[in-house]
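All remarks here apply to the structure that follows.
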Amino acid sequence: MDALARLGRVGIDFLENLGRAHLLLWAMLRGVDDLMRRPRLLVEQIHSVGVLTVLIIAVAGTFVGMVLALQGYYILTQFAAEQMLGVMVAASLVRELGPVVAALLFAGRAGSALTAEIGLMKATEQLAGLEMMAVDPVKRVLTPRFFAGLISVPLLGAMFSALGVLGGFLVGAGLLGVDAAGYWSVMQTRIDFYGDLVNGGIKSVVFGVACTWIALYQGYEADPTSEGVGRATTRTVVHSSLAVLGLDFILTALMFGE
Amino acid sequence: MVKRSTEISVGLFMLAGLVALFFLAMKVSNLGSKGTDGGYLVTAHFQNVGSLKEKSPVTIAGVRVGRVQQISFNEKTFEAVATLYIEPRYDQLPKDTFAKILTAGLLGEQYIGLDPGGSEQFLEPGDKITMTQSALVLEDIIGQAIFNQAEGGGNAF
């Protein structure tokens, strides 16, 4: 009986969390007209969420592209198909690695910071203070951060893919001696704008919403203690990563599955 | 108040992201090579196009001059009709140009190679290339080799 009750509690907790998360999402989306009137809040948040994440994205993207070229060359050369290196690098980056790895890095670098920030604001009663001054903390604090994440993640994903393709080109054409013009021309004939790029972009937007939403919800619902904020931060990274990987599978099955 | 340096860095960030998107669209995907503005279309009739696909390259002397726009089947002549898009700057191809379907490497993709003829007249938009060589189909070659071997007592290879 006890076990049954525990299982029931897990289910109720889950649904309760899901419900509160959606209410928070709705409240954040309703703050969009306030945000339009104060775009400076958004600029500030894009700086802390997006700009500061660029460095790790740039380094990771370049290196992932270079490693893809090295490994891809090793396989392709066994089938005398080195000229397909560009397609292999670009397709894996644009379709999968760009959106997914950029979102994972975003969750680790920016999502955790968001959760800690909001959680501390709650623990030090700044959110309550805002409410006392008749300022809606969701509209004033959470909405700009949500939209900053929503805008930043696709841009970061695009940077990741672009730098990865360039990194692959550096290794492929510079180090391994693949024909430089062939790298680009075969890539251009095989990568489709709508089928590959737009689908990758849609993935990026979905991941951006998921990561930012999870980070803000965890911060907003964190226990207002130092331990609670720490736990919430861990949960953000774990839940965001799982959400990205799970959503990626579903989106890939929908977009690329015949 | 947002600091000016913050604003500038955000501006740079947005710009870099958009440049990356533009780079992906123009340089990586086929969007940059789309559109038939200025170029012209000619058709070539083949007995068999093999695994030639739309967007396959069209080359002369190994240089890419266009791509395959469309492949269809003519029910009257039972031939495959490939519509070739040739880039605008290559507008002086002789009328008796020869079109072959070639394969890049043993397992590579198939493309169309054009061999310019000696005519003084040039291909016009909508013209038909009459002299063509079909794709080599592996099964046909193997079948022919086996047939020859059976006939010639093993000297065919």
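Predicted model, so just to flag it, every value in this text is computed and none were measured. Order of the sequence lines sets the chain letters (A, B, ...), proteins ahead of strands, with each chain counted from 1.
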Are there more than 12 heavy atoms of other residues, nucleotides or ligands under 6.0 Å from atom [atom1] of [X]?
X: A/Arg140; atom1: CZ; value: no
X: A/Phe249; atom1: CZ; value: no
X: B/Glu75; atom1: CD; value: no
X: A/Phe63; atom1: CZ; value: no
X: B/Gln47; atom1: CD; value: no

Identify the heavy atoms of B/Leu21 and A/Ala158 that sit nearest to each other, and give their distance.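 Heavy atoms only, the tightest pair is CD2-CB, 3.5 Å.
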In the structure I gave you, are the side-chain heavy atoms of B/Met14 and A/Leu155 within less than 4.5 Å of one another anywhere?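 Yes, at least one pair of side-chain atoms sits under 4.5 Å.
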Let me know if [X] has heavy atoms under 4.5 Å from chain B in its side chain, its backbone, both or neither.
X: A/Val186; result: side chain
X: A/Leu163; result: neither
X: A/Val51; result: both
X: A/Ile151; result: side chain
X: A/Ser152; result: both

A/Ala162, A/Ala81, A/Ala90, A/Ser161: which one forms the most heavy-atom pairs within less than 4.5 Å of chain B?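 Most heavy-atom pairs under 4.5 Å with chain B: A/Ala162.
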A/Glu44 bridged to B/Lys3 by N-O distance under 4.0 Å: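 Here A/Glu44 does not pair with B/Lys3 in a salt bridge, since their nearest N and O are not under 4.0 Å apart.
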Roughly how far, to the nearest 0.5 Å, is [atom2] of [Y] from [atom1] of [X]?
X: A/Ile46; Y: B/Glu7; atom1: CD1; atom2: CD; value: 11.5 Å
X: B/Phe13; Y: A/Thr53; atom1: CZ; atom2: OG1; value: 7.0 Å
X: A/Met159; Y: B/Leu24; atom1: CE; atom2: CG; value: 11.0 Å

